[in-house]
Amino acid sequence: KQEVTQIPAALSVPEGENLVLNCSFTDSAIYNLQWFRQDPGKGLTSLLLIQSSQREQTSGRLNASLDKSSGRSTLYIAASQPGDSATYLCAVPTGTASKLTFGTGTRLQVTL
Amino acid sequence: DAGVIQSPRHEVTEMGQEVTLRCKPISGHNSLFWYRQTMMRGLELLIYFNNNVPIDDSGMPEDRFSAKMPNASFSTLKIQPSEPRDSAVYFCASTPEDRGTDQPQHFGDGTRLSIL
């Protein structure tokens, strides 16, 4: 059974810092890995999707890497801003390609 | 693009009542997913449809839960009878890919359900 773990569970940093969120998964036979953002009272917003053949994806200040062999992914956020405050979740398809298993998330707070 | 639309946004009802949650996927998306999010268990997939057909309902907790997708633009998740432990936020998501492998899922804002 695929298990997805995210560390840390919560993180508070001052504005401007670069930070790394971690995601680990137990079954490396994945099609892709996705990073989502969830704001309070809202649904999830897809940030980045990394195919299993890729090692990283970038979107603006966000960079996600994937190491299938070690079962790890990282989300790097450069020059953090208060607007980055949210919960970040990673997810991998499990069994059928469309069935996502989510991590428990990292709650990020960026302070002024 | 209006995004995935869910209704109601909030629902408070008494134990034993029937609850119906509704979802309108993004036009043109042919895969639809129902999730439940709780503090204890996180985000769990309940069921997903492809081209209006249920593909995997192994996440549906018990027979009190049922889901339908009568057409490409509408789906319902029904709980009958409801119980306090069903209290959670229920999300609907859709994606344009048949297999959902290469396209991210687009989520609605969820229905916050409270069963008293």
Side-chain angles (χ1 to χ4, degrees), chain A residues 1-7 9-10 23-26 29-54 57-59 62 64 66 68 73 75 86-107, chain B residues 1-7 9-10 21 23-26 29-51 53-60 88-112:
Chain A
K1 177 185 175 184
Q2 177 75 273
E3 293 183 3
V4 183
T5 306
Q6 290 186 246
I7 294 173
C23 171
S24 60
F25 46 94
T26 54
I30 60 172
Y31 295 100
N32 57 49
L33 183 142
Q34 300 180 45
W35 282 94
F36 293 86
R37 167 186 174 138
Q38 185 175 26
D39 292 286
K42 296 289 188 179
L44 280 67
T45 300
S46 179
L47 297 173
L48 291 164
L49 185 153
I50 312 175
Q51 299 289 355
S52 60
S53 58
Q54 298 175 316
Q57 276 282 358
T58 298
S59 176
L62 305 180
L66 175 63
K68 277 185 59 177
S73 176
L75 179 66
T87 297
Y88 292 81
L89 298 100
C90 63
V92 293
T94 303
T96 57
S98 296
K99 190 171 181 177
L100 292 180
T101 297
F102 283 84
T104 50
T106 294
R107 185 181 304 170
Chain B
D1 190 339
V4 176
I5 299 173
Q6 292 187 246
S7 64
R9 287 298 315 277
H10 304 274
L21 310 180
C23 175
K24 177 179 169 57
I26 293 173
H29 285 195
N30 55 7
S31 290
L32 181 142
F33 308 81
W34 282 102
Y35 292 91
R36 178 171 67 177
Q37 187 176 39
T38 62
M39 289 293 293
M40 290 296 296
R41 300 175 66 90
L43 200 61
E44 303 173 287
L45 177 67
L46 300 177
I47 185 171
Y48 83 91
F49 295 83
N50 181 251
N51 293 323
V53 176
I55 303 300
D56 186 339
D57 65 356
S58 59
M60 295 286 262
V89 182
Y90 290 81
F91 289 104
C92 176
S94 69
T95 186
E97 285 282 331
D98 281 343
R99 296 177 63 227
T101 57
D102 300 317
Q103 296 292 330
Q105 294 183 15
H106 298 258
F107 281 71
D109 285 340
T111 295
R112 184 174 296 276

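Each chain gets a letter, A, B and so on, in the order its sequence line appears, and its residues count up from 1.
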Under 3.5 Å, is there a donor-acceptor pair linking the side chains of B/Gln37 and A/Gln38? yes
[atom1] of [X] to [atom2] of [Y]: how many Å apart, nearest 0.5 Å?
X        : Y        : atom1 : atom2 : value
B/Met39  : A/Thr104 : CE    : OG1   : 10.5 Å
B/Gln105 : A/Ser46  : CD    : OG    : 9.0 Å
B/His106 : A/Leu44  : NE2   : CG    : 12.5 Å
A/Leu100 : B/Thr95  : CG    : OG1   : 9.0 Å

With sequence neighbours left out, the residues meeting ring-ring contact (aromatic ring centres under 6.0 Å, His included) with B/Phe107 are A/Phe36, B/Tyr35
Sorted by chain and number, sequence neighbours left out, salt bridge (Lys or Arg N to Asp or Glu O under 4.0 Å) with A/Glu3 holds for none
Between B/Arg9 and A/Gly41, the two heavy atoms sitting closest are NH2-O, 3.1 Å
Applying a strict 4.5 Å limit to non-hydrogen atoms, the region of B/Gln6 in contact with chain A is neither
